[in-house]
Number of protein chains: 2
Amino acid sequence: MHSPLKHIAESTVRRLSLYLRFLEEFEARGQSTVSSGELARSGGTTSAQVRKDLSFFGSFGKRGLGYDVKDLIASIREILGLEHPWPVVIIGAGKIGAALAQYRGFTSRGFHVVGVYDSDPAKVGNALGALQVRALTDLEADIAQHHPRIAVLAVPAEAAQPIVDRVVAAGLRAILSFAPAPLLVPAGVTLRAVNMATELEILAYSLTHAE
Amino acid sequence: MHSPLKHIAESTVRRLSLYLRFLEEFEARGQSTVSSGELARSGGTTSAQVRKDLSFFGSFGKRGLGYDVKDLIASIREILGLEHPWPVVIIGAGKIGAALAQYRGFTSRGFHVVGVYDSDPAKVGNALGALQVRALTDLEADIAQHHPRIAVLAVPAEAAQPIVDRVVAAGLRAILSFAPAPLLVPAGVTLRAVNMATELEILAYSLTHAE
DNA sequence: AGTAGCTTGTGAACGATTTCACAAGCCTAT
DNA sequence: ATAGGCTTGTGAAATCGTTCACAAGCTACT
Ligand SMILES: NC(=O)c1ccc[n+]([C@@H]2O[C@H](COP(=O)([O-])OP(=O)(O)OC[C@H]3O[C@@H](n4cnc5c(N)ncnc54)[C@H](O)[C@@H]3O)[C@@H](O)[C@H]2O)c1
Ligand SMILES: NC(=O)c1ccc[n+]([C@@H]2O[C@H](COP(=O)([O-])OP(=O)(O)OC[C@H]3O[C@@H](n4cnc5c(N)ncnc54)[C@H](O)[C@@H]3O)[C@@H](O)[C@H]2O)c1
């Protein structure tokens with residue numbers, strides 16, 4: 001695998017994550033090799049796209065044969081940085097925060113929720129699966145102790161920016177926010193925002209402008 | 001507003017949704033006009049981008065002055081198709097389905113949840129805010145009666161494709177899926193998939209490859 | 001009425017991403 | 001050992017999306 005000096009497009013990284021999912025399905029079905037064409041068909045893209053995406057990081061296939069499923073899984077996991085687990089904190093133990101805290105789809109992919117925090121004393125101590133909601137005041141001390149690498153924000157929009165500032169001050173460098181609020185982070189911190197109303201609005205647009 | 005014969009990029013539609021949110025904040029603060037530059041600053045983009053995005057749909061501003069906040073809100077709402085409410089069904093009343101069913105951020109933007117469905121008899125009848133979970137067997141009859149336009153899927157991955165087939169057969173043409181499964185829809189149906197593990201994996205990639 | 005100061009709307013330039021197309025390479029069969 | 005059939009890896013071309021840069025147009029002021 002070369003070290004990618006070039007900047008890699010987000011769309012490429014997103015597709016690698018998709019390929020990984022399909023490869024795991026191929027593996028579960030006992031298929032030992034896969035061609036770029038098969039992978040493309042599962043992912044709704046083209047074989048050239050699959051090969052180009054991989055080519056940014058190295059050369060993983062055998063001409064005439066395709067890719068070894070297990071090897072390619074290992075390679076993509078390494079590219080994405082998934083060879084080791086990522087500890088995650090969730091801030092906001094409301095409806096969506098509670099759902100995320102108990103989501104097995106995170107754990108199974110190596111994202112371990114090490115803490116869930118809420119500012120509401122009525123929520124503190126509640127059990128969420130194996131976890132207990134902790135007081136927001138414990139956040140900094142817990143971060144110093146457990147070194148989570150990613151923060152997931154599930155607080156109301158107006159509470160989001162102060163929380164971002166706190167987790168950044170505490171040393172976190174990656175944030176996934178579900179709050180529909182514009183958030184500012186300093187350079188060097190990656191922020192991703194999932195906005196579900198926007199997703200529905202894109203669907204509304206597509207229905208409105210369908211022929 | 002011209003009828004956009006040209007295909008509009010998804011990134012443009014997504015930004016329009018964002019602009020709408022900021023415009024509503026400007027309106028709430030009593031600001032009556034806004035320039036493309038101000039809008040750009042809120043949205044983390046450039047003034048040229050804002051103007052270009054709008055220009056695909058017509059000409060909404062006044063040179064030297066900017067945009068009238070109320071007028072632009074109305075125009076963007078019309079572009080996105082938000083002048084009328086959109087009835088939505090949610091399928092799967094588990095943790096994430098329940099959170100979505102009670103999410104006020106949908107209702108406030110014109111997406112009305114008219115039904116929540118689950119195949120588990122133990123869940124049927126449960127209250128979710130003002131709604132009651134209904135049996136999956138009621139789905140087709142309810143769709144015929146209430147004509148929802150959008151289906152939100154919050155069922156386990158392996159249940160997702162059959163549900164997609166059912167809602168498509170029942171006439172729905174837009175689906176938002178939270179299930180991490182590759183889904184096929186016929187031409188003419190828009191499917192969007194939100195994959196939270198992928199979001200975290202993109203963050204893991206960015207942390208892994210940070211200098 | 002004319003000027004100064006802003007801001008829009010938009011072709012054209014640029015940059016990024018996707019698609020094309022094919023040489024290179026591997027496997028099997030003869 | 002060679003041929004045939006496949007599939008990769010990758011420059012080059014094409015397409016798509018963003019940014020630039022400026023003429024056109026509005027308001028306010030004199
Ligand atoms: N419910 C959904 O389906 C959904 C979907 C998309 C986005 N969201 C967004 O996610 C966020 C949470 O939504 P929800 O439905 O879970 O709301 P909720 O009211 O159920 O939960 C919010 C939680 O955050 C806690 N909180 C408030 N301020 C806090 C702070 N400063 N620090 C820590 N915790 C704090 C509250 O005590 C509460 O427990 C909102 O921004 C919402 O817009 C929700
Ligand atoms: N919990 C999360 O935070 C989260 C986040 C992202 C994605 N997801 C995905 O969303 C989906 C639901 O997750 P969840 O955590 O809510 O799981 P869950 O087990 O709490 O809920 C799933 C619900 O779907 C119902 N169901 C199963 N088969 C069905 C069918 N054929 N028709 C209708 N209902 C059916 C079940 O009875 C259950 O109530 C899963 O695909 C999951 O991967 C969940």
Side-chain angles (χ1 to χ4, degrees), chain A residues 1-2 4-19 22-23 26 31-73 75-76 79 202 205, chain B residues 1-2 4-19 22-23 26 31-73 75-76 79 202 205-206 209:
Chain A
M1 178 170 127
H2 343 137
L5 299 160
K6 242 203 290 77
H7 171 258
I8 301 295
E10 181 189 308
S11 48
T12 292
V13 178
R14 162 168 269 117
R15 282 189 300 267
L16 288 175
S17 165
L18 256 188
Y19 302 154
F22 298 132
L23 285 164
F26 284 123
Q31 193 175 331
S32 64
T33 66
V34 71
S35 70
S36 57
E38 286 174 280
L39 221 33
R41 234 166 296 123
S42 327
T45 176
T46 67
S47 63
Q49 180 78 79
V50 171
R51 295 197 301 276
K52 183 61 97 179
D53 285 338
L54 292 171
S55 78
F56 295 128
F57 298 95
S59 162
F60 304 102
K62 283 218 180 67
R63 292 168 194 230
L65 249 200
Y67 302 87
D68 180 275
V69 170
K70 280 192 164 53
D71 289 355
L72 190 54
I73 286 175
S75 299
I76 295 183
I79 291 168
I202 296 173
Y205 174 88
Chain B
M1 177 169 127
H2 344 138
L5 299 161
K6 241 203 291 78
H7 172 256
I8 301 295
E10 182 189 306
S11 49
T12 291
V13 179
R14 165 168 265 119
R15 283 190 299 267
L16 288 174
S17 165
L18 255 189
Y19 302 156
F22 297 130
L23 286 163
F26 285 123
Q31 192 175 331
S32 65
T33 66
V34 72
S35 70
S36 56
E38 286 174 280
L39 220 34
R41 233 165 298 124
S42 327
T45 177
T46 66
S47 63
Q49 181 78 79
V50 171
R51 296 197 300 276
K52 182 62 95 179
D53 285 337
L54 292 170
S55 79
F56 295 127
F57 298 95
S59 161
F60 304 102
K62 283 218 181 65
R63 289 164 196 234
L65 252 198
Y67 302 88
D68 182 275
V69 171
K70 280 192 163 51
D71 288 355
L72 190 54
I73 286 175
S75 299
I76 295 183
I79 291 167
I202 296 174
Y205 174 88
S206 80
H209 295 259

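In what follows, every chain begins at residue 1, and chains take the letters A, B, ... in the order their sequences are listed.
Under the rule for a side-chain contact (heavy atoms from CB on, under 4.5 Å), the partners of A/Leu18 that lie at least two apart in sequence or sit in another chain are A/Phe22. With sequence neighbours excluded, the residues satisfying side-chain contact (heavy atoms from CB on, under 4.5 Å) with B/Thr46 are B/Ala48, B/Gln49. With sequence neighbours excluded, the residues satisfying side-chain hydrogen bond (donor to acceptor under 3.5 Å, both in side chains) with B/Ser206 are A/Thr190. Applying the side-chain hydrogen bond (donor to acceptor under 3.5 Å, both in side chains) criterion to B/Tyr19, with sequence neighbours excluded, gives B/Asp53. Partners of B/Ser11 by side-chain hydrogen bond (donor to acceptor under 3.5 Å, both in side chains), not counting sequence neighbours: none found. Judged as a side-chain hydrogen bond (donor to acceptor under 3.5 Å, both in side chains), and not counting sequence neighbours, the contacts of A/Ser36 are A/Arg51. Residues meeting the salt bridge (charged side-chain N to carboxylate O under 4.0 Å, His left out) test with B/Lys62, sequence neighbours left out: none.
Whole-Å rounding puts the B/Asp53 CG to D/dC16 P distance at 17 Å. Note: CZ (A/Phe56) to P (D/dT8) measures 16 Å, nearest angstrom. The CG-P distance, from B/Asp71 to C/dT8, rounds to 14 Å in whole Å. Going from atom CG of B/Leu72 over to atom C1' of C/dT8 covers 12 Å, rounded to whole Å. Note: CD (B/Gln49) to C1' (C/dT8) measures 15 Å, nearest angstrom. Taking atom CD1 on A/Ile8 and atom C1' on C/dT17, their separation rounds to 12 Å, with Å as the unit. Regarding A/Arg51, its CZ atom lies at a distance of 14 Å from the P atom of D/dG11, rounded to whole Å. Here D/dT18 presents its P atom at 14 Å from CG of B/Leu54, a figure rounded to the nearest Å.
A heavy atom lying under 4.0 Å from DNA chain C marks the following residues of residues 9-17 of chain A, by number: A/Ala9, A/Ser11, A/Arg15. Near-neighbour residues of DNA chain C inside residues 32-41 of chain B, defined by a heavy atom below 4.0 Å, number-ordered: B/Ser35, B/Ser36.
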Which atoms of nucleotides 24-30 of chain D (N or O only) lie under 3.5 Å from a protein N or O atom, and what are those distances?
{"unit_1": "D/dA24", "atom_1": "N3", "unit_2": "B/Arg63", "atom_2": "NH1", "d": "2.9"}
{"unit_1": "D/dG25", "atom_1": "N2", "unit_2": "B/Gly64", "atom_2": "N", "d": "3.1"}
{"unit_1": "D/dC26", "atom_1": "O4'", "unit_2": "B/Arg63", "atom_2": "O", "d": "3.1"}

So which protein N/O to nucleotides 11-14 of chain C N/O distances come out below 3.5 Å?
{"unit_1": "C/dG11", "atom_1": "N7", "unit_2": "B/Lys52", "atom_2": "NZ", "d": "3.4"}

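Between the side chain of B/His209 and the main chain of A/Ile79, a donor-acceptor pair closer than 3.5 Å is present. A donor-acceptor pair under 3.5 Å links the side-chain atoms of A/Ser42 to the main chain of A/Glu38, judged by distance alone.
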Discussion item. As a quick check of understanding, evaluate side chain to side chain contact (heavy atoms under 4.5 Å, CB included) for A/Ser17 and A/Arg14, giving each step before the final call.
Written reply: CA-CA 5 Å; A/Ser17 165; A/Arg14 162 168 269 117; 5.8 Å; no

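Of all the heavy atoms in B/Phe60 and B/Leu54, the pair that sits closest is CE1-O, 3.5 Å. The minimum heavy-atom distance between B/Leu65 and B/Thr33, with the atom names listed, is O-OG1, 4.4 Å. In plain terms, the two heavy atoms of B/Ile76 and B/Leu23 that are nearest each other are CD1-CD1, 3.7 Å.
Closest to the side chain of B/Ser59, out of C/dA21, C/dG9, D/dC20, is C/dG9.
Here the side chains of A/Ile73 and A/Phe26 are not in contact, with every heavy-atom distance at 4.5 Å or above.
With rounding to the nearest 0.5 angstrom, the OH atom of B/Tyr205 is 8.5 Å from the OG1 atom of A/Thr12. Taken to the nearest 0.5 Å, the CD atom of A/Gln31 stands 11.5 Å off from the NZ atom of A/Lys70.
Of the side-chain N and O atoms in A/Tyr67, none sit less than 4.0 angstrom from OP1 or OP2 of D/dC6.
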Practice prompt. Give the dot-bracket string for DNA chain C, reading 5' to 3', where a pair is Watson-Crick or G-U wobble with both distances under 3.5 Å, ( ) marks pairs inside the strand, [ ] marks pairs crossing earlier ones, | marks a partner on another strand, and . marks unpaired.
Written response: ||||||||||||||||||||||||||||||

